[in-house]
Amino acid sequence: MADAPKTLVELRQVTRSYSGVEVLHPVDLALRDGEFMTVLGPSGSGKTTILRIIGGLVRPTSGAVLLDGADIATMPINRRPFNTVFQDYALFPHMTVEANVGYGLRVRGERRARIRDRVAETLSLVALEGFGGRYPAQLSGGQQQRVALARAIICEPRLILLDEPLGALDAALRRQMQQFLKRLQKEIRTTFLFVTHDQEEAVTMADRICVMNHGRIEQIGSPEEVYYRPTNEYVARFFGDNNLIDVSIGGVEDAGRALAGKLGAFHCAGDSSSDIAEGRPGKLLVRPEAIVIGGGEGADNRVRVRIEDVSFVGPVSQVLARPLADPGQVLMVKLQSRAAGAPVAAGEEVDLAWSAGECHVVTA
Amino acid sequence: MMRLSTGALVVLGAIAGFVLLVLYGPLFVAIFFSFFRFENNAVQWDSFSFDAYQSLMHDEGIIDAVLNTLLVGGVSVSLALVLGTALAFYYNASRSRHRDFLQLLIFLPFLMPPIITGLSLLVFFREADIPRSLVTVIIGHTVFVLALAYRIVLTRLQTIRASLVEASLDLGASRWQTFRFVLAPSLMSALGASAILAFALSFDETLITLLVTGTASTLPMRLWAMMRLGFTPDINALVTIILVGSTGLALLAIRFVGVAAPR
């Protein structure tokens with residue numbers, strides 16, 4: 001195994017209150033050197049507060065912020081080796097692109113010639129050669145975005161903080177910028193902390209995702225982890241259309257865990273389930289694309305359902321089904337669309353099946 | 001657009017014309033008689049000359065008054081700009097509940113009748129044993145035009161996004177560098193506009209000046225004094241000069257404010 005990646009920035013039990021109201025509950029977060037982490041959450045979840053605390057724009061009410069293991073709580077914003085790309089870009093309107101990008105070097109007292117060379121280099125890195133003489137108002141949103149990026153990377157910070165930087169761009173440009181950012185991050189080998197409320201964006205870009213809600217971190221993990229093995233119901237619901245089935249958690253068995261619920265007995269091989277106490281209520285999670293319709297006899301889990309609706313949504317077809325044992329619930333199945341049409345039709349009674357390895361359990 | 005009948009348009013046009021005549025007629029009379037003489041109940045059309053202006057040029061009292069006016073305007077405007085900017089920054093950054101009270105205090109001398117402002121200054125200078133001179137006039141004018149400078153700078157300051165300051169600090173700039181490179185350039189047009197407007201106010205301020213001055217006299221006061229000795233063509237010439245001066249400043253200020261308006 002390779003060496004464990006070094007921790008660059010660490011938050012330890014960091015909180016933030018505004019006039020007595022705690023908007024950030026004690027938070028622990030370790031940012032690894034060189035990684036691309038996205039902080040994902042709805043507005044008001046505290047994700048921007050975390051970014052501003054690390055950047056030095058907001059002081060934590062309590063807790064420690066560590067850089068390379070040393071506390072930087074009192075280090076002023078202009079001494080921190082981090083740079084921010086602001087949500088509104090915050091380009092200086094009275095300065096040219098060149099002056100904007102070179103600003104960080106200028107205030108450090110670099111020589112003019114050196115600034116000019118570095119600005120030219122950085123502008124070519126963000127594909128804006130020849131735009132140096134323009135003013136921000138003369139640029140498109142995407143170009144302004146790249147100027148803000150160039151301005152942030154020119155001082156070679158240890159960490160780049162991005163506060164929903166793609167929020168103002170249209171969908172096509174957004175996807176293009178996502179790929180561009182990812183490539184740039186690999187190229188300059190700098191740690192990125194990227195705040196967004198868009199789960200697709202978070203999954204596409206991140207090495208690791210930090211999911212936030214109501215001022216708490218719900219889960220930190222790779223995109224696959226938060227997608228397939230959410231640690232709680234919130235994360236499971238946040239990442240799309242998981243099927244959640246009420247169960248009570250049973251004993252440990254060879255394959256993993258035994259579960260029982262209104263819909264019958266289930267078996268789950270999820271690895272994180274072993275530390276859950278027996279008898280607790282929980283939710284069984286099955287992704288709609290993991291379910292097989294009319295599953296084979298040997299399947300680990302099976303539910304008898306009546307098909308309610310089959311709809312074609314392009315590459316996938318979506319099937320809604322109600323279990324016979326509890327018609328109040330709806331399970332969703334996603335199938336790859338085929339020219340011949342879906343193998344089932346509304347009104348049919350079939351078995352839905354999935355293997356123990358394709359599901360996951362969280363406590364309620 | 002609202003449509004009006006021809007009759008209504010004629011009536012409204014006539015009213016507008018009458019108002020303009022009443023507003024500007026006397027001014028044109030004054031300008032007219034600064035070039036022509038009026039004798040034997042008739043305008044002497046062949047009397048066109050710049051005599052009145054020339055005699056002003058040679059009147060040492062007038063020259064003194066002009067210099068005093070420029071001095072008072074220049075110093076009090078400079079003071080008001082510095083103080084107004086500082087107060088605007090304070091108001092913008094402060095979270096104190098008293099900041100609105102402070103703002104009211106800044107506005108009061110501007111909003112109160114000048115005679116009240118002038119009298120209270122006069123009483124203060126007397127009680128504090130400060131001899132009345134151009135210095136007291138400068139203090140009076142500074143107090144008076146401060147509100148204007150403060151308001152214009154504050155309005156501009158409030159349109160500057162907080163993220164610009166944050167970005168500057170984030171990029172490693174010190175507070176002073178941030179002021180110098182980011183805030184000051186954005187404030188220049190507002191400072192220019194308030195300087196001109198404040199100067200225009202100071203230029204023809206009479207009542208406060210009259211109350212707090214010693215022996216020195218400014219241009220409007222000189223005019224006041226001349227009128228007591230009877231109307232001469234010189235007075236018309238002086239009125240014309242003051243008129244042209246303040247109108248010119250006002251136009252310049254409008255241009256500046258237009259530029260200073262947030263984009």
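So that the names make sense, note that chain A is the first sequence line, chain B the second, and so on, each numbered from 1.
- Between the side chain of Asp170(B) and the backbone N or O of Ile77(A), no donor-acceptor pair lies under 3.5 Å.
- The choice from Ser168(B), Ser186(B), Ala162(B) that makes the most heavy-atom pairs within less than 4.5 Å of chain A is Ser168(B).
- The nearest pair of heavy atoms linking Met95(A) to Phe181(B) is CE-O, 3.5 Å.
- Summarising the local packing, CZ of Arg59(A) is surrounded by 12 or fewer heavy atoms from other residues, nucleotides or ligands at distances under 6.0 Å.
- Highest contact tally toward chain A, considering only Leu164(B), Thr178(B), Val165(B), is held by Leu164(B) [criterion: heavy-atom pairs under 4.5 Å].
- Among residues two or more places apart in sequence or in another chain, the ring-ring contact (aromatic ring centres under 6.0 Å, His included) test is passed with Tyr103(A) by Phe92(A).
- Between the side chain of His94(A) and the backbone N or O of Leu183(B), no donor-acceptor pair lies under 3.5 Å.
- Listed by sequence position, the residues of residues 104-111 of chain B in contact with chain A number zero, using a 4.5 angstrom heavy-atom cutoff.
- Atom CE of Met112(B) sits in a crowded spot, with more than 12 heavy atoms from other residues, nucleotides or ligands closer than 6.0 Å.
- Side-chain contact between Glu166(B) and Arg52(A) is present, with heavy atoms from C-beta onward closer than 4.5 Å.
- Interface remark: Tyr89(A) contributes no atoms to any contact with chain B (heavy atom separation under 4.5 Å).
- Heavy atoms closer than 4.5 Å to chain B are found in the backbone of Leu91(A), but not in its side chain.
- Neither the backbone nor the side chain of Pro81(A) comes within less than 4.5 Å of any heavy atom of chain B.
- One N or O on the side chain of Asn78(A) and one on the backbone of Ala173(B) form a donor-acceptor pair closer than 3.5 Å.
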